Amino acid sequence: MACGGAAFPRRASVPRRRRFQFPKLPKPRITASMCLYQFLIAVRSEGQNLTNEDGETTSHLMGFFYRTLRMMDNGIKPIYVFDGKPPQMKSGELAKRGARRAAAEVSLKEAQEAGEQENIDKYTRRLVRVTKEHNTEVQQLLTLMGIPFVVAPAEAEAQCAALAAAGKVYGAASEDMDTLTFGTPTLLRHMTYSENRKKPINEVSYEQVLEGLEMTKETFVDLCILLGCDYCESIRGIGPHRALALLREHQSIENILASLDPDKFTVPEDWPYAEARRLF
DNA sequence: ACTCTGTCTCAAGACGGG
DNA sequence: TTGAGACAGAGT
DNA sequence: CCCGTCC
């Protein structure tokens with residue numbers, strides 16, 4: 001569930017920042033159920049989620065309710081986009097995730113026995129899982145509030161980008177740089193703490209990014225793959241600077257691979273970069 | 001000297017009273 | 001989970 | 001700004 005599909009700022013209370021600071025570009029990652037997840041993790045009192053009389057969690061509803069009101073107050077009309085099915089995940093990743101989870105459960109039990117409140121909180125958070133019910137409850141709330149939402153066929157980020165590209169919304173709000181790779185004309189970062197005065201909303205223009213990097217959509221996608229995305233590995237030893245330099249010189253991953261010194265850089269075996277490229 | 005990796009840390013929402 | 005920031009250490 | 005409260 002990506003947190004914000006999109007927005008129509010009426011009066012620009014949206015500060016603009018145009019420059020794309022390349023070296024700070026984080027590795028793109030899919031952060032699917034981020035809002036929901038964050039609310040469940042953060043909205044707590046004494047280590048517990050807020051609940052109704054029957055003990056059912058209400059943290060996520062509180063979070064969505066207040067955040068949406070705040071956006072409306074600021075003239076922003078959100079359209080929420082929920083994640084559909086994510087693309088296949090490698091069984092290795094799933095196993096790792098399961099192992100981490102099990103480890104956290106063990107640690108939680110230890111902390112409980114030792115009565116270490118801090119650790120109890122820590123591991124409880126680590127075990128938070130977003131359920132189907134959480135999703136439907138939030139959707140119900142949004143319906144009652146008259147706030148539109150869509151369920152994406154696959155990844156929310158891709159859907160956000162599509163909505164923005166089609167001109168249905170002002171932009172795609174996400175922390176995830178992949179949204180840009182999916183081709184949203186405008187990416188809004190830090191929408192969540194806009195009024196929270198920590199960081200200004202960061203408006204990134206796809207066009208200006210391409211211009212600034214002197215890249216085409218195609219080379220930009222290749223760049224993002226080189227930097228590491230969720231769909232495949234990246235090449236060890238190649239970070240932002242080298243990736244950019246190499247693409248400037250060779251224009252595509254294929255050409256780079258052909259000229260890369262195999263003694264210095266090892267490319268992952270059966271590297272599915274082409275497949276990753278298709279997904280963008 | 002610069003770039004990249006690994007490892008560590010920390011926080012994670014929103015509100016309002018004082 | 002994620003992201004950010006800081007830092008040490010190794011590779012180019 | 002900090003910190004307790006929200007359920």
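Naming convention: chains lettered A, B, ... in sequence-line order (proteins, then strands); numbering from 1 in each chain. All heavy atoms count here, side chains included; hydrogens, waters and symmetry mates do not. Note that the structure is predicted; figures quoted are calculated from it, not measured.
Side-chain contact, Asn255(A) with Gln251(A): no donor N or O sits under 3.5 Å from an acceptor N or O. With hydrogens and angles left out, the side-chain atoms of Tyr206(A) and Glu211(A) include no donor and acceptor closer than 3.5 Å.
Residues forming a salt bridge (charged side-chain N to carboxylate O under 4.0 Å, His left out) with Glu254(A) (at least two apart in sequence, or on another chain): Arg277(A). Residues forming a ring-ring contact (aromatic ring centres under 6.0 Å, His included) with Tyr123(A) (at least two apart in sequence, or on another chain): none. Residues satisfying the ring-ring contact (aromatic ring centres under 6.0 Å, His included) test with Phe65(A), not counting sequence neighbours, are none. Here Glu105(A) pairs with Arg101(A), Leu127(A) under the side chain to side chain contact (heavy atoms under 4.5 Å, CB included) rule; sequence neighbours left out.
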Kindly give the atom pairs (protein nitrogen or oxygen, nucleotide nitrogen or oxygen) under 3.5 Å for nucleotides 3-5 of chain D.
none

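Of the candidate nucleotides dT12(C), dG13(B), dC4(B), dG13(B) has the atom lying nearest to any side-chain atom of Met62(A). Side chain of Arg242(A), nearest nucleotide from dT12(C), dC7(D), dA12(B): dT12(C). Distances from the side chain of Pro240(A) to the nucleotides dC7(D), dC4(B), dA12(B) place dC4(B) closest. Side-chain atoms of Thr51(A) lie closest to dC7(D) of the nucleotides dT5(B), dC7(D), dA12(B). Closest to the Arg189(A) side chain, of the nucleotides dA12(B), dA4(C), dT12(C), is dA4(C).
Rounded to a whole Å, the CG atom of Leu36(A) is 18 Å from the P atom of dA12(B). One atom, OH of Tyr37(A), and another, P of dG13(B), lie 12 Å apart when rounded to the nearest Å. For Asn49(A) and dA12(B), the CG to C1' distance is 13 Å, given to the nearest whole Å. Straight-line distance from the CG atom of Leu226(A) to the P atom of dC4(B): 11 Å, rounded to whole Å. In this entry the distance linking CZ of Arg125(A) with P of dA11(B) reads 10 Å, nearest Å. Summarising the geometry, the separation between CD on Gln48(A) and C1' on dC7(D) is reported as 12 Å, rounded to the nearest angstrom. Atom CG of Leu40(A) and atom C1' of dC7(D) are 14 Å apart (whole Å). As a whole-Å value, the separation of Asp178(A) CG from dT2(C) P is 12 Å.
Phosphate proximity of dC2(B) to His241(A): absent, as no side-chain N or O sits under 4.0 Å from OP1 or OP2. Dashed line: the shortest gap from a side-chain N or O of Gln38(A) to OP1 or OP2 of dG13(B) is under 4.0 Å. Taking only side-chain nitrogens and oxygens, Arg70(A) comes nearer than 4.0 Å to OP1 or OP2 of dC15(B). Listed pair Arg67(A) / dA14(B) meets the phosphate criterion, a side-chain N or O lying under 4.0 Å from OP1 or OP2. OP1 and OP2 of dT2(C) both lie 4.0 Å or more from every side-chain N or O belonging to Arg126(A).
Across the P atoms, dC8(B) and dC7(D) are found 40 Å apart, a figure rounded to whole Å. Spacing between dG4(D) and dA11(B) at atom P, rounded to whole Å, works out to 15 Å. dA12(B) sits 15 Å from dC1(D) when the P atoms are compared, rounded to a whole Å. The same atom, P, is picked in dG5(C) and in dG13(B); the two are 15 Å apart, to the nearest Å.
The side chain to side chain donor-acceptor pair (under 3.5 Å) analysis of residues 259-272 of chain A, with sequence neighbours excluded, yields the pairs His250(A)-Ser259(A).
Ring planes of Phe182(A) and Phe280(A): tilted class, angle from 30 to 60°.
At a threshold of 4.0 angstrom between heavy atoms, the contacts of Gly63(A) with the nucleic acid are absent.
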